[in-house]
Amino acid sequence: MTPIRFYNTLTNQLEDFAPIDPPVVRMYNCGPTVYDFAHIGNFRAFVFADLLRRFLEFTGHEVRQVMNITDVGHMTEDQLADGGGQDKMELAAQRLKAAKKSGVADVENPDDPFAVARYFEKAFIDDARALRLKIADDEAPRRPRATEHVKQMIAMIEKLVAADHAYVAGDGAVYYDVSSFPQYGKLSGNTLDKLAHGAGGRVSETDTAGKRNPHDFLLWKPDAKHLMKWDSPWGWGYPGWHIECSAMSMSALGVETLDIHTGGEDNIFPHHECEIAQSCGATGKAFARYWMHTRFLMVEGEKMSKSKGNFYTVRDLLKRGVDPAALRLELMRTHYRSNMNFTMKGLEDAHRMVERWRAAAAGVDAQSVAAGDSDVERDFVAALSDDLNISGALGAINKWLNDSPDDLSPLVRMNSVLGVLEAAELETETSGDDAAIDAKVQQMADARAAKDWAASDAIRDELTAAGIEVQISKQGITWRRKMTLD
RNA sequence: GGCCGCGUAGCCAAGUGGCCUAAGGCGACGGAUUGCAAAUCCGUUAUUCGUGGGUUCAAAUCCCACCGCGGCCUCCA
């Protein structure tokens with residue numbers, strides 16, 4: 001079997017993958033912030049993590065996946081990381097209040113930041129389940145909440161202070177001393193000598209006054225007025241942004257060195273760089289062996305942004321009748337280290353592919369699909385073993401399908417990685433009216449039996465206009481809703 | 001200014017030194033089928049890999065320059 005190789009951001013090269021404790025693989029994925037509904041860009045990273053997990057499971061690994069829920073109310077804008085700006089949870093509450101007024105949201109008490117966080121966390125899990133992310137059905141401890149791990153964060157900060165990796169500044173805030181960690185910059189290439197402080201234009205000088213070095217980052221911010229606050233040796237306040245992942249990953253996985261850590265490319269610096277500094281500083285051990293980052297998603301060739309009107313959440317698309325399997329396939333079929341271009345046409349392409357596979361797999365008795373081996377599965381695994389080359393894997397499947405194989409059970413087995421054959425179970429705005437459509441189709445069948453083509457065509461046109469596609473065969477007429485996109 | 005990554009047909013997208021006169025999907029076109037369509041099936045669809053140099057017996061694949069795109073340089077997947 002071909003060895004599994006992954007591109008490791010830490011070394012900027014492909015490396016053979018070998019977990020510390022085979023067949024167990026301990027993987028941590030930077031998860032969602034729950035101030036709002038997650039968008040398709042967020043989900044590209046989550047779908048990637050799911051694909052990685054499913055592939056490793058397919059190749060005999062026992063994956064322990066942990067995805068955090070960031071529910072601490074961090075700050076907006078930039079000063080935020082160091083303490084200014086407006087609390088994101090507060091903004092979320094304002095949005096929810098507005099939504100509640102208009103009857104859209106059903107959060108019980110928008111004034112309770114925890115209720116707001118739980119509301120969006122549930123929305124995230126619902127979306128994740130629709131896209132068949134396994135993490136959505138895992139036990140809750142696999143989705144640790146930052147607000148429930150403040151104790152572990154404080155313990156780690158104390159360790160860092162004791163080890164002289166952190167210090168308490170004049171204003172009482174606790175900062176990590178980056179000069180105490182010579183490897184700082186290894187992940188991103190942004191070593192201290194190369195960092196241009198403030199070049200990103202997002203630093204507030206007034207909030208960095210207490211630091212020894214402008215690149216030192218916040219571990220604890222005392223702030224008794226903060227919306228969500230906890231008691232600590234440094235007073236009531238809240239933890240810095242980076243510390244939660246270090247504390248929760250070790251806590252949830254029970255080890256100090258993870259096999260795999262994933263996230264979006266924007267997390268490479270500073271977030272993951274800082275996690276490494278904190279974790280290694282606290283334990284003296286490597287934090288994660290393989291770092292994998294997904295590139296950003298574009299929409300119709302442009303950056304996705306609310307102002308451009310090309311901003312999509314998963315739930316928006318599903319409500320509009322998009323097949324979740326098509327969305328899942330579209331989000332995962334571009335290699336994770338390339339910018340993917342999300343397009344409506346691409347979504348339709350993906351849908352066609354899913355439907356074709358579903359038709360092919362329709363006759364397979366899922367019960368009879370035991371473990372198996374076949375050329376196509378070997379090609380499939382070989383492609384994915386090469387840094388998760390999903391396009392190559394999909395190509396292997398389609399090529400094999402084009403030869404009209406007798407035994408289609410490999411398709412069902414490979415679906416344990418793809419997760420797209422299952423039909424949508426979601427209610428959409430276009431659901432309902434099935435009985436009325438059945439009746440129309442019956443009228444059409446009667447007209448056809450009487451060779452009344454004009455009547456038959458009229459009904460067909462009517463159904464087509466309503467987004468219903470009819471399929472006529474010798475066995476009769478079947479129908480399905482077309483995936484609709486405006 | 002620094003650090004990453006990317007640029008392959010109408011669109012999406014593999015391939016990263018010779019099996020490439022470049023997978024696979026969508027679309028388009030032709031045919032079978034059909035009352036006509038749809039669905040389905042069969043076939044066709046890049047001598048060329050952002051541009052210009054260079055290395056090599058051999059380059060989409062390596063090197064250099066340039067152009068374009070994306071990310072980061074204390075919010076972000």
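Lettering follows sequence order; numbering is per chain, from 1. Just so you know, these numbers use all the heavy atoms, side chains as well, and skip hydrogens, waters and symmetry mates.
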query: Along nucleotides 12-23 of chain B, 5' to 3', which nucleotides get a B, which get an S, and which get a -, given that the test is a protein heavy-atom distance under 4.0 Å?
result: SSSS-------B
- prompt: A23(B) and U40(B): how far apart are their P atoms, nearest whole angstrom?
  reply: 23 Å
- prompt: Does Y35(A) put a side-chain nitrogen or oxygen below 4.0 Å from OP1 or OP2 of C75(B)?
  reply: no
message: Work out how far the P atom of C26(B) is from that of C41(B), and round it to whole angstrom.
response: 9 Å
- request: Sticking with atom P, work out how far G2(B) lies from U56(B), rounded to a whole angstrom.
  value: 31 Å
Pairwise C1' distance for G17(B) and G54(B), with rounding to whole Å: 15 Å
- line: Contacts satisfying ring pair (Phe, Tyr, Trp, His ring centres under 6.0 Å) that involve residues 322-348 of chain A (not counting sequence neighbours) are F48(A)-Y336(A)
Qualifying residues under salt bridge (Lys or Arg N to Asp or Glu O under 4.0 Å), relative to D457(A), sequence neighbours excluded: R460(A)
- prompt: With under 30° as parallel and over 60° as perpendicular, where do the rings of H165(A) and Y176(A) fit, or are they tilted in between?
  reply: parallel
query: Between K303(A) and G71(B), is there a side-chain N or O to OP1/OP2 distance below 4.0 Å?
result: yes
field: F43(A)-F124(A) aromatic ring centre distance below 6.0 Å
entry: yes
message: Between G52(B) and A59(B), how far apart are the two C1' atoms, rounded to whole Å?
response: 15 Å
task: Stems involving RNA chain B: give each as a range paired with a range, ordered by first number, where a stem means at least three consecutive Watson-Crick or G-U wobble pairs under 3.5 Å.
output: B:1-7 with B:67-73, B:10-12 with B:24-26, B:27-32 with B:40-45, B:50-54 with B:62-66
message: Taking only the P atom of each, what is the distance from C11(B) to G27(B) in whole angstrom?
response: 16 Å
message: Are F58(A) and F55(A), when compared by the centres of their aromatic rings, separated by less than 6.0 Å?
response: no
task: Would you give a per-nucleotide map of nucleotides 31-41 of chain B, 5' to 3', where B means the base has a protein non-hydrogen atom under 4.0 Å away, S means only the sugar-phosphate does, and - means neither?
output: ----BBBBSS-
- line: Minimal heavy-atom distance between K440(A) and I459(A), with the atoms involved, is O-CG2, 3.6 Å
- request: Rounded to whole angstrom, note down the P distance from A60(B) over to C67(B).
  value: 24 Å
What N/O pairs connect the protein and nucleotides 61-63 of chain B at under 3.5 Å? Give each pair on its own line.
none

- prompt: What is the minimum heavy-atom distance between L408(A) and P405(A), and which atoms define it?
  reply: CD2-CG, 3.8 Å
- prompt: Going by an N to O cut-off under 4.0 Å, is there a salt bridge joining D50(A) and R328(A)?
  reply: yes
Where R358(A) and V420(A) come nearest, the two heavy atoms and their spacing: NH2-O, 3.3 Å
task: Taking atom C1' in both U34(B) and G70(B), compute the distance separating them and give it to the nearest angstrom.
output: 48 Å
